[in-house]
Amino acid sequence: MPTTRSTQSKKQTEPTKQAKWNVGDIADQTGRTVVVTGANSGIGLATVDALARAGAHVVLAVRDPRRGEAAAATVRGAKGRLEVRRLDLADLASVREFAGAWQGDIDVLVNNAGVMNVPEGTTQDGFETQFGTNHLGHFALTNLLLPHVRDRVITVSSGAHRYPGARIHFENLNLTGAYSPMAAYAQSKLANLLFTLELQRRLTEAGSRVRALAAHPGWAATNLQGHDASALRRIAMQAGNRLFAQDDKAGALPTLYAATQDLPGASYVGPDGLGEMRGAPTLVGRSRAASDPEAARRLWTVSEELTGATFPELPALSGSATA
């Protein structure tokens with residue numbers, strides 16, 4: 001049966017369904033340098049893989065260089081150079097050593113490393129493990145490296161920042177006598193977002209073109225959940241990983257989107273699916289507590305006092321063109 005003109009016209013006017021953003025949409029990264037913390041597994045390694053394949057020189061900043069080298073060896077088809085350097089975010093001396101040895105520009109710093117729901121403990125400097133590693137280590141690293149950064153800082157947060165009652169316990173940051181693995185993790189992930197908010201405010205005030213952004217992976221199946229303090233939660237996480245989670249490559253997409261797309265400073269990127277658990281990367285919202293500029297300023301001041309790292313002097317209008 002011949003197609004009628006009206007049918008042809010209808011087909012011509014129907015909108016084309018737009019494909020979801022993925023790693024194939026990353027522009028050529030040749031000539032750009034990216035530092036990724038916690039890069040030897042999970043979404044960190046997936047981030048390294050995608051950016052190296054796109055041509056970037058990627059530095060894997062890891063606690064164990066041997067594991068870092070083994071992880072780098074799994075990347076196939078990299079157009080850019082891979083490099084492994086030691087960095088222990090739970091030890092401020094290691095953070096200062098890493099930053100002090102750095103020479104040259106950094107286009108993108110990806111603050112990805114983290115621990116989740118671990119048993120109560122402290123870092124080398126006496127900070128609660130999750131707050132000290134996830135927030136204070138990255139806070140110090142960012143400020144020490146910032147004079148080298150030319151484009152953006154990406155900090156990986158989590159939907160856990162919305163955990164009921166999540167807040168910054170300024171009166172007891174170590175949660176001494178009141179420790180809960182999930183409350184401590186939520187505090188550290190909320191701190192990541194407040195840090196990004198205040199960092200962007202300071203960058204703008206300094207006249208810098210460098211941008212601070214945050215991302216979260218949704219529910220990604222990685223080894224992060226395997227260190228949970230609760231055996232029951234570990235079992236539940238393993239079941240959830242099989243039933244609901246994305247793989248690490250999908251979990252890395254929000255980070256990659258934030259690292260390569262032209263987004264406003266202080267943007268927060270996550271999956272576009274139900275509950276932001278999975279899906280393609282898009283701009284997402286954050287909790288009221290994560291949008292509080294006064295809490296962000298207060299956290300910054302406390303973090304400077306605890307780490308000894310302060311916002312550096314930056315050349316006005318520093319930065320580079322967007323990838």
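Position 1 is the first residue of the sequence; numbering continues from there. Remember, predicted model here, so these are calculated numbers, not experimental data.
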Carboxylate-amine/guanidinium contact R32 D151, below 4.0 Å: yes

Sidechain N-carboxylate O distance under 4.0 Å for D107, R150: no

Whether over 12 other heavy atoms sit under 6.0 Å from R63 CZ: no

F195 ring center within less than 6.0 Å of H138 ring center: no

Name of the residue among N40, D64, L60 meeting side chain to side chain contact (heavy atoms under 4.5 Å, CB included) with V84: L60

Salt bridge flag under 4.0 Å for residues K79 and D28: no

Salt bridge present between E198 and R201 (N-O < 4.0 angstrom): yes

Within 45° cone of F98 ring axis and under 6.0 Å: R86 NZ or CZ: no

Of V110, I154, N111, the residue whose pairing with V36 passes side chain to side chain contact (heavy atoms under 4.5 Å, CB included): V110

D49/R53 salt bridge by N-O under 4.0 Å criterion: yes

Test salt bridge (charged side-chain N to carboxylate O under 4.0 Å, His left out) applied to R81 and E83, step by step: CA-CA 7 Å; R81 182 164 63 94; E83 181 182 354; 3.6 Å; yes

Point-to-point distance, once rounded to the nearest 0.5 Å, from CZ of R96 to CG of L144: 5.0 Å

Option among R286, H161, E276 that satisfies the side chain to side chain donor-acceptor pair (under 3.5 Å) test with H216: E276

Salt bridge present between E294 and R297 (N-O < 4.0 angstrom): yes

Nearest-0.5 Å distance, CD1 of residue I168 to CG of residue L299: 5.5 Å

Salt-bridge contact R152-D262 (side-chain N to carboxylate O under 4.0 Å): no

